[in-house]
Protein chains: 2
Amino acid sequence: METEQQHIQNRLDEAKNQFISTIAQNMGLYGVSDTNGRLYGTMLFADRPMTLDDMSEALGMSKMSMSTGIRALMDAGMVERVWEKGVRKDLYQSNDDWYQSFTSVFVNRWREASDNNQKAARRAKEDFEVFLEEAEDPYLIDVLQHDLEKINYALNYYEWLDEVIRIFESGEIFAMIPPK
Amino acid sequence: METEQQHIQNRLDEAKNQFISTIAQNMGLYGVSDTNGRLYGTMLFADRPMTLDDMSEALGMSKMSMSTGIRALMDAGMVERVWEKGVRKDLYQSNDDWYQSFTSVFVNRWREASDNNQKAARRAKEDFEVFLEEAEDPYLIDVLQHDLEKINYALNYYEWLDEVIRIFESGEIFAMIPPK
DNA sequence: TTGAGCGTAAAGTATATACTGTACATACAT
DNA sequence: ATGTATGTACAGTATATACTTTACGCTCAA
């Protein structure tokens, strides 16, 4: 027979779970899978650092999944490893500074994409310019000029995007829009 | 035997393809799949609006895939349908205003995520507060207070995030960081 | 009214992704 | 030194996603 307090505890766990499920679902935008999101949420509400076995128990999933999940969350800077002397098992806790950790995730992902795109655009531009020198057919020249315009437009866009990313990277965004 | 001009044309197509492949790969950040990204890229460089059959031919994929792909790109506002009288087939062209289309994609996705999270957080907060009233066990009370702190922190974060999204939604971002 | 051309729904298939179980290498305690 | 506990690589399996094929309903021309 469960006591009154146990009943509250159960409903509390249920409420937490519901919240965790929701944020986990929406973490796809940060490039975090659903289950890794639940993993993060579980650690967020844990009052102590957790071991892989703790997580495995809490989520009812294999320890191996926890291991790979933690690695992904660490890479994203959303989780950090902590040490306690006398404890053999690895201990992890969530990085609770969402402003820092989530903007860094955002910056890393978008910076990489922008860099790739810029490189590809510059390479295409060089090629197009060479072709333009060689071309004689008026129609081909016309096509090439239009294509060059597109590439130049893209390059400008990426420059702008870089500026946006920089605002987040440097922390200027927090001056523009102060955290509460 | 291919002429000089044809040879240029071939190399041009190759260069375009390489560029398209790169941006398509990085379009995952916008929630656009790789092949839909290629579809967009193909239309971007097309000098005329394209039919589903054109696309199917260009990408070497089934017309059905083009149909569903186009629908996704339309929903994202990255592609628009155009009419030409006397033409039976549906015609589509890329929306070339990247500042508009891509920021709107960004806003929609993040706004939805933020809304969901906020709803879940508010629901959790209400629950936690009820539990706090009912709780008597000091340890449980302590846990609840910490949990409430987390939820309040989350709510503040979502408010901040909403502000960030609003900057993009309203176009204020273009005053802060002007397009080139 | 009929027939051909068009877009898409539905079901089936292939490919990619996420997850698990086992087995191993490493580190620590005795 | 030896045994035990711990994290992870690897291979296999299940699940989800992307893609194709077939069939159908709708629209417009004749």
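Because only heavy atoms are used, hydrogens play no part in the values below, and waters and symmetry mates are left out as well, while side chains stay in. Note on naming: letters A, B, ... go to the chains in the order of the sequence lines (proteins, then strands), and numbering restarts at 1 for each one.
- Put simply, CG on B:Asp54 is 17 Å from P on C:dG5, counting in whole angstrom units.
- The nucleotide whose nearest atom lies closest to any side-chain atom of B:Leu52 is, among C:dC19, C:dT8, D:dT20, C:dT8.
- The separation between A:Asp90 atom CG and D:dT8 atom P is 6 Å, rounded to whole Å.
- A close approach under 4.0 Å does occur between a side-chain nitrogen or oxygen of A:Ser65 and OP1 or OP2 of C:dT20.
- In this structure, a donor-acceptor pair under 3.5 Å is present between the side chains of B:Asp162 and B:Gln118.
- Between the C1' atom of C:dT8 and the CE atom of B:Met74 lies a distance of 14 Å, rounded to the nearest Å.
- Classified by interplanar angle (parallel below 30°, tilted 30° to 60°, perpendicular above 60°), the ring pair B:Tyr157/A:Phe102 is tilted.
- Side chain to side chain, A:Asp53 and A:Thr51 fail the donor-acceptor criterion of an N or O pair below 3.5 Å.
- The nearest whole Å value for the distance from the CZ atom in B:Arg81 to the C1' atom in C:dC6 is 11 Å.
- Going from atom CG of B:Asp34 over to atom C1' of D:dT17 covers 13 Å, rounded to whole Å.
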Evaluation steps, side chain to side chain contact (heavy atoms under 4.5 Å, CB included), between B:Met27 and B:Met78: CA-CA 12 Å; B:Met27 255 181 228; B:Met78 294 169 60; 4.0 Å; yes
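- Residue-to-nucleotide proximity on DNA chain D shows that, of A:Met64 and A:Arg88, the 5′-proximal contact is made by A:Arg88.
- Going from atom CD1 of A:Ile70 over to atom P of D:dG7 covers 11 Å, rounded to whole Å.
- B:Trp160 has its ring centre less than 6.0 Å from the ring centre of A:Phe174.
- Between A:Lys63 and C:dT20 there is no side-chain N or O to OP1 or OP2 distance below 4.0 Å.
- Across the protein-nucleic acid pair, B:Leu91 atom CG and C:dG7 atom C1' stand 13 Å apart, rounded to whole Å.
- Regarding contacts with the backbone of D:dG7, every side-chain N or O of A:Ser67 stays at 4.0 angstrom or more from both OP1 and OP2.
- Regarding contacts with the backbone of C:dA9, a side-chain N or O of B:Arg71 is found under 4.0 angstrom from either OP1 or OP2.
- Taking atom CE of A:Met66 as the reference point, atom C1' of D:dG7 lies 14 Å away to the nearest angstrom.
- Each of C:dC6, D:dT20, C:dT20 was ranked by its minimum atom distance to the side chain of A:Met61; first place goes to C:dT20.
- Across all strands shown, A:Thr35 has heavy atoms under 4.0 Å from sugar-phosphate atoms exclusively, and none from any base.
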